[in-house]
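Notes to accompany the following structure.
Everything numeric in this text was worked out from a predicted model, so none of it was measured. First the proteins, then the strands, lettered A, B, ... as listed; each starts at 1.
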Protein chains: 2
Amino acid sequence: MTETLSTIGEMCSQFGVTPRTLRFYESKELLTPERDGSRRLFTRRDRARLKLILRGKRFGFSLEEIRQLLELYEIGDQQMTQLARTHELAEHHLAALIAKRDELDLAIADLRDQIGQVEGLLAERQKAAE
Amino acid sequence: MTETLSTIGEMCSQFGVTPRTLRFYESKELLTPERDGSRRLFTRRDRARLKLILRGKRFGFSLEEIRQLLELYEIGDQQMTQLARTHELAEHHLAALIAKRDELDLAIADLRDQIGQVEGLLAERQKAAE
DNA sequence: GATTACGTTGACGTTAACGTCAATCCTTTT
DNA sequence: AAAAGGATTGACGTTAACGTCAACGTAATC
């Protein structure tokens, strides 16, 4: 397979982050780029993980939580003895995501109400001004 | 109407927060409790706002963003001249929420995949062990 | 060979969102 | 009246998640 390794600069422009951020994530063991001497080379795996990290952040998860969740995507080389635990963790996370979506749906409905009210007022003003 | 004012202690047990948190929110003008001498008395309005604040936090919004969003729920006494702006802000927020939900749906689907894979492996182990 | 571009490792600074602690003040209960 | 329960205002501390800056290395380019 084509190795497609990325320098830190390439990563930054592709994902809209700073070098400091990527080094910070490495220090927290969220990313584990290879090295060419001292220069970092980010792999396909790193890019996939960064995508998940940024997604997690948008949902309000902490980096530590995200680190846990990344384990789910690292099943290939896991020991069988940990599979059950992994499964449990995944189910837990799934439940959390679904709960979050349900609440989001609620929030969206609420906001739609508010907008309806505002539009009502705007329409009134229209009428009064003609 | 029944005035139902709450002390800080009541608020804390009802919402699962600390006094410090409520005072902090007041300092940021997210809450504006009345006073009985120096003691804070939280109104129905404060309770409604706190509910929205905590919801917002679960979605990963900052307190400053939440402060903006709370404006949407404060339309009654607004000037007409600000209505259009409010409307725009609301639409913007709605779009953000919907985008967030779409991404959440994606994340849920991804995770379901992962769980499917784990369950597959668990089933294999079952077979191999019989 | 000097400059420019891109990278590295410290190390200290910053912001948000509270935690924690001390000193003080009512108010009610013993 | 003494003690206990709940509240107040500072004020300093803490953690997460980076920002910022200095000093240095290496590689290509003018």
Side-chain angles (χ1 to χ4, degrees), chain A residues 3-44 46-47 49-71 93 96 100 103, chain B residues 3-43 46-47 49-71 93 96 100:
Chain A
E3 268 303 346
T4 53
L5 298 173
S6 319
T7 71
I8 202 169
E10 291 164 359
M11 292 291 280
C12 290
S13 45
Q14 282 177 40
F15 289 94
V17 298
T18 71
R20 180 65 177 94
T21 298
L22 295 179
R23 296 191 191 111
F24 181 70
Y25 289 169
E26 182 182 2
S27 79
K28 293 294 173 124
E29 299 183 32
L30 296 173
L31 299 178
T32 55
E34 298 175 2
R35 295 294 180 130
D36 165 29
S38 68
R39 294 173 63 212
R40 271 161 259 254
L41 289 177
F42 295 86
T43 69
R44 197 179 52 84
D46 289 315
R47 288 188 294 271
R49 290 173 70 100
L50 182 52
K51 217 171 182 175
L52 291 172
I53 293 170
L54 298 178
R55 172 191 279 177
K57 291 210 63 187
R58 281 193 295 276
F59 293 151
F61 291 107
S62 73
L63 289 185
E64 177 51 27
E65 287 172 317
I66 291 172
R67 209 182 54 75
Q68 310 270 339
L69 303 181
L70 281 176
E71 286 184 20
H93 182 40
K100 215 159 200 174
E103 225 190 337
Chain B
E3 266 303 344
T4 54
L5 298 175
S6 319
T7 70
I8 202 169
E10 291 165 357
M11 292 291 281
C12 289
S13 45
Q14 282 177 39
F15 289 95
V17 298
T18 71
R20 180 66 176 93
T21 298
L22 295 179
R23 297 191 190 108
F24 181 70
Y25 289 169
E26 183 182 0
S27 79
K28 293 296 172 120
E29 300 184 33
L30 296 173
L31 299 177
T32 54
E34 298 176 3
R35 294 293 179 131
D36 164 30
S38 69
R39 294 174 60 211
R40 270 162 260 255
L41 290 177
F42 294 86
T43 68
D46 289 315
R47 289 188 294 273
R49 290 172 71 98
L50 181 52
K51 217 171 182 175
L52 291 173
I53 292 169
L54 298 178
R55 172 191 278 177
K57 291 209 64 185
R58 283 193 294 278
F59 292 151
F61 291 107
S62 74
L63 290 185
E64 177 51 28
E65 287 171 319
I66 291 173
R67 208 181 55 74
Q68 310 269 339
L69 303 181
L70 281 175
E71 285 183 21
H93 182 39
K100 215 161 199 175

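A salt bridge does not link Glu103(A) to Lys100(A): none of the charged nitrogens lies less than 4.0 Å from a carboxylate oxygen.
Counting heavy atoms from C-beta outward, Ile53(B) and Leu63(B) have side chains that approach closer than 4.5 Å. Considering only heavy atoms from C-beta on, Thr43(A) stays 4.5 Å or farther from Thr4(A) through its side chain.
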Shorter than 3.5 Å, N or O on both sides, protein versus nucleotides 26-28 of chain D: list them out with atom names.
none

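As a whole-Å value, the separation of Leu31(A) CG from dC18(D) C1' is 14 Å. Protein atom NZ of Lys28(B) is 10 Å distant from nucleotide atom C1' of dC18(C), rounded to whole Å.
Under the 3.5 Å distance criterion, with hydrogens and angles disregarded, a donor-acceptor pair is assigned to the side chains of Ser6(A) and Arg47(A).
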Check: residues 7-20 of chain A side-chain donor-acceptor pairs under 3.5 Å, at least two apart:
unit_1, atom_1, unit_2, atom_2, d
Thr7(A), OG1, Gly9(A), N, 3.4
Thr7(A), OG1, Glu10(A), N, 3.2
Glu10(A), OE1, Thr7(A), N, 3.0
Ser13(A), OG, Gly9(A), O, 3.2
Ser13(A), OG, Glu10(A), O, 3.2
Thr18(A), OG1, Arg20(A), N, 3.4
Thr18(A), OG1, Thr21(A), N, 3.2
Thr18(A), OG1, Thr21(A), OG1, 3.1

Show every donor-acceptor pair shorter than 3.5 Å between a side-chain atom in residues 24-34 of chain B and any protein atom, with sequence neighbours excluded, or say none if there are none.
unit_1, atom_1, unit_2, atom_2, d
Glu26(B), OE1, Arg40(B), NH1, 2.4
Glu26(B), OE2, Arg35(B), NH2, 3.2
Ser27(B), OG, Phe24(B), O, 2.6
Thr32(B), OG1, Arg45(B), NH1, 3.0

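A heavy atom lying under 4.0 Å from DNA chain C marks the following residues of residues 5-26 of chain B, by number: Thr18(B), Arg20(B), Thr21(B), Phe24(B), Tyr25(B). Using a 4.0 Å cut-off on heavy atoms, the residues of residues 51-63 of chain A that approach DNA chain D are Lys57(A), Ser62(A), Leu63(A), listed by number.
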Exercise. Going through the checks in order, is the salt bridge (charged side-chain N to carboxylate O under 4.0 Å, His left out) test met by Arg39(B) and Asp36(B)?
Worked result: CA-CA 5 Å; Arg39(B) 294 174 60 211; Asp36(B) 164 30; 3.8 Å; yes
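Leu52(A) pairs by the side-chain contact (heavy atoms from CB on, under 4.5 Å) definition with Arg55(A), Leu70(A), Tyr73(A), not counting sequence neighbours.
One distance of note links CZ of Phe59(B) with CD1 of Ile66(B); it measures 10.5 Å at 0.5 Å rounding.
The backbone N or O of Glu65(A) lies less than 3.5 Å from no partner atom in the side chain of Gln68(A), so there is not a single donor-acceptor pair.
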